[in-house]
Amino acid sequence: MIYTVTLNPSLDYIVTVPDFAMGATNRTQEEQMLPGGKGINVSVVLNHLGIENTALGFRAGFVGEEIQRQLEVMHCSADFISLANGSSRINVKLKNYEGTEINGMGPGVSAREWEQLLEKLNRLLAGDTLVLAGSIPVSLSGDIYREIMDMLAEKNIDVVVDASGTALVGVLGAHPFLIKPNRDELGQIFGRKLADRKDILECAGKLQRRGARNVLVSLAGDGAVLLSEDGEIFESPAPEGTLVNGVGAGDSMVAGFLAGWQESRELCYAFRMAVAAGSASAFSEHLAEADEIGRLMGEIEVRKKSGFFY
């Protein structure tokens with residue numbers, strides 16, 4: 001069973017605003033409001049692929065109720081803890097200005113509410129997979145992902161971490177099954193701009209030597225690379241297509257990887273499905289659907305190298 005954790009979920013208000021201008025009244029041309037947060041996105045794509053999973057985390061206020069309602073409409077299994085105070089986030093994303101968004105802070109989480117989540121996580125069984133994804137509420141410690149991994153260390157659970165900065169670096173010593181930084185997040189960890197594949201592989205290799213078993217780096221329009229725990233490097237360019245909506249493409253890669261791994265237990269196949277799922281979301285108005293992922297699987301070309309060359 002796969003479980004995803006989204007500590008700070010949101011409603012994503014995704015809008016197209018032609019000729020957006022600062023200091024002026026702008027009007028939307030198109031708009032959507034969808035449940036968001038990295039773990040939720042992973043759950044939605046897994047659901048599209050027919051992979052059983054449950055989304056865990058926190059929700060608060062009327063926004064949290066709407067997140068829950070929309071997930072139920074999508075037939076996604078969710079088991080969120082309702083917070084006593086505050087409201088879940090609304091994130092504003094300008095679709096026609098790629099990468100431009102305003103993300104809310106989200107509600108505070110009390111010590112008791114945090115313990116409730118730990119109690120749920122402690123029920124996971126050997127062989128389960130846990131995805132820890134996205135930002136951590138300011139009311140919680142920045143090393144909370146590591147705390148979860150330490151608690152579950154003896155349970156033989158594969159843990160996937162899709163986070164940035166200290167939240168990602170802090171889990172490396174607990175040996176996550178997979179981490180998935182993107183190129184910018186990887187560069188920020190090492191305080192440098194990653195100019196080419198050699199730089200990317202060098203930095204990804206450093207994270208692997210610090211404890212990550214498999215390192216998947218998403219490169220947007222340039223595809224992705226995977227450093228495997230078997231000492232192999234998998235690389236793939238992105239398939240041909242038109243970028244429609246980059247929101248959730250990286251999360252879709254995580255879902256595709258897990259679906260492919262569950263189906264085959266082969267890292268190369270899982271990597272191909274990861275690239276296909278990420279691309280399918282990028283080429284679509286919404287998160288990737290199974291048919292489109294399947295179609296793109298036939299277009300993914302994977303190059304494999306043995307041993308690191310940096």
Side-chain angles (χ1 to χ4, degrees), residues 38 41-42 45 93-101 133 160-165 168 178-208 212 214-228 231-261 267-288 292-310:
K38 297 177 76 63
N41 291 339
V42 173
V45 176
K93 301 177 184 289
L94 273 66
K95 182 177 173 182
N96 56 324
Y97 292 85
E98 182 64 27
T100 302
E101 54 190 64
V160 176
V161 181
D162 185 3
S164 59
L168 178 61
L178 178 74
I179 60 172
K180 195 220 66 66
N182 62 35
R183 174 169 29 204
D184 290 340
E185 291 166 345
L186 189 60
Q188 288 165 8
I189 288 171
F190 294 98
R192 56 191 277 201
K193 185 174 179 62
L194 305 183
D196 54 31
R197 290 288 176 101
K198 183 176 180 181
D199 286 344
I200 291 165
L201 290 170
E202 177 186 350
C203 291
K206 289 179 179 179
L207 296 186
Q208 191 176 53
N214 300 286
V215 183
L216 174 62
V217 185
S218 55
L219 304 174
D222 293 325
V225 298
L226 172 70
L227 275 63
S228 82
E232 294 177 322
I233 300 168
F234 300 94
E235 300 182 72
S236 176
E240 295 277 335
T242 301
L243 176 65
V244 175
N245 182 13
V247 176
D251 312 324
S252 301
M253 287 190 72
V254 172
F257 186 95
L258 290 176
W261 177 250
L267 288 170
C268 184
Y269 183 85
F271 177 63
R272 283 181 62 217
M273 189 170 282
V275 178
S279 300
S281 282
F283 300 160
S284 306
E285 288 285 349
H286 304 294
L287 292 172
E292 181 65 4
I293 293 171
R295 184 186 72 78
L296 289 174
M297 279 285 285
E299 300 182 14
I300 305 300
E301 298 180 3
V302 177
R303 300 185 296 270
K304 184 172 80 169
K305 301 175 183 178
S306 295
F308 303 139
F309 55 83
Y310 44 80

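Being a predicted model, the structure only gives us computed values, none of them experimental.
Each of K180, E185, R183 was checked for a side-chain hydrogen bond (donor to acceptor under 3.5 Å, both in side chains) with S218, and the lone residue meeting it is K180.
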Checklist entry - Could you walk me through whether K198 and E202 pass the salt bridge (Lys or Arg N to Asp or Glu O under 4.0 Å) check? => result CA-CA 6 Å; K198 183 176 180 181; E202 177 186 350; over 6 Å; no
Item to check | Full working for side chain to side chain contact (heavy atoms under 4.5 Å, CB included) between V45 and N41 | outcome: CA-CA 6 Å; V45 176; N41 291 339; 5.7 Å; no
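Taking both residues in full, the closest heavy atoms of M273 and G260 are given as SD-N, 3.4 Å, listed atom of the first, atom of the second, then distance. In this structure, S252 and A277 approach most closely via the heavy-atom pair O-CB, 3.2 Å. Scanning both residues, G250 and D162, for their nearest heavy atoms gives O-OD2, 4.4 Å. Here the shortest heavy-atom pairing between L207 and F190 reads CD2-CZ, 3.8 Å. A224 and F271 get closest at one heavy-atom pair: O-CZ, 3.4 Å. Taking all atoms of both residues into account, the shortest heavy-atom contact from V42 to D251 is CG2-O, 3.5 Å.
Side-chain contact check for P239 versus V275: some heavy-atom pair is nearer than 4.5 Å. In this structure, the side chains of E240 and F283 stay at 4.5 Å or more apart for every pair of heavy atoms. No side-chain heavy atom of E299 sits under 4.5 Å from any side-chain heavy atom of S279.
Distance check: F257 CZ to L178 CG gives 5.0 Å after rounding to the nearest 0.5 Å. Note: L201 CG to L226 CG = 10.5 Å, rounded to the nearest 0.5 Å. Interatomic distance, CG of L296 versus OG of S281, reported as 10.0 Å (0.5 Å rounding).
Side chain of E292 to main chain of A276: no donor-acceptor pair is present (N/O by atom type, distance under 3.5 Å, no hydrogens or angles).
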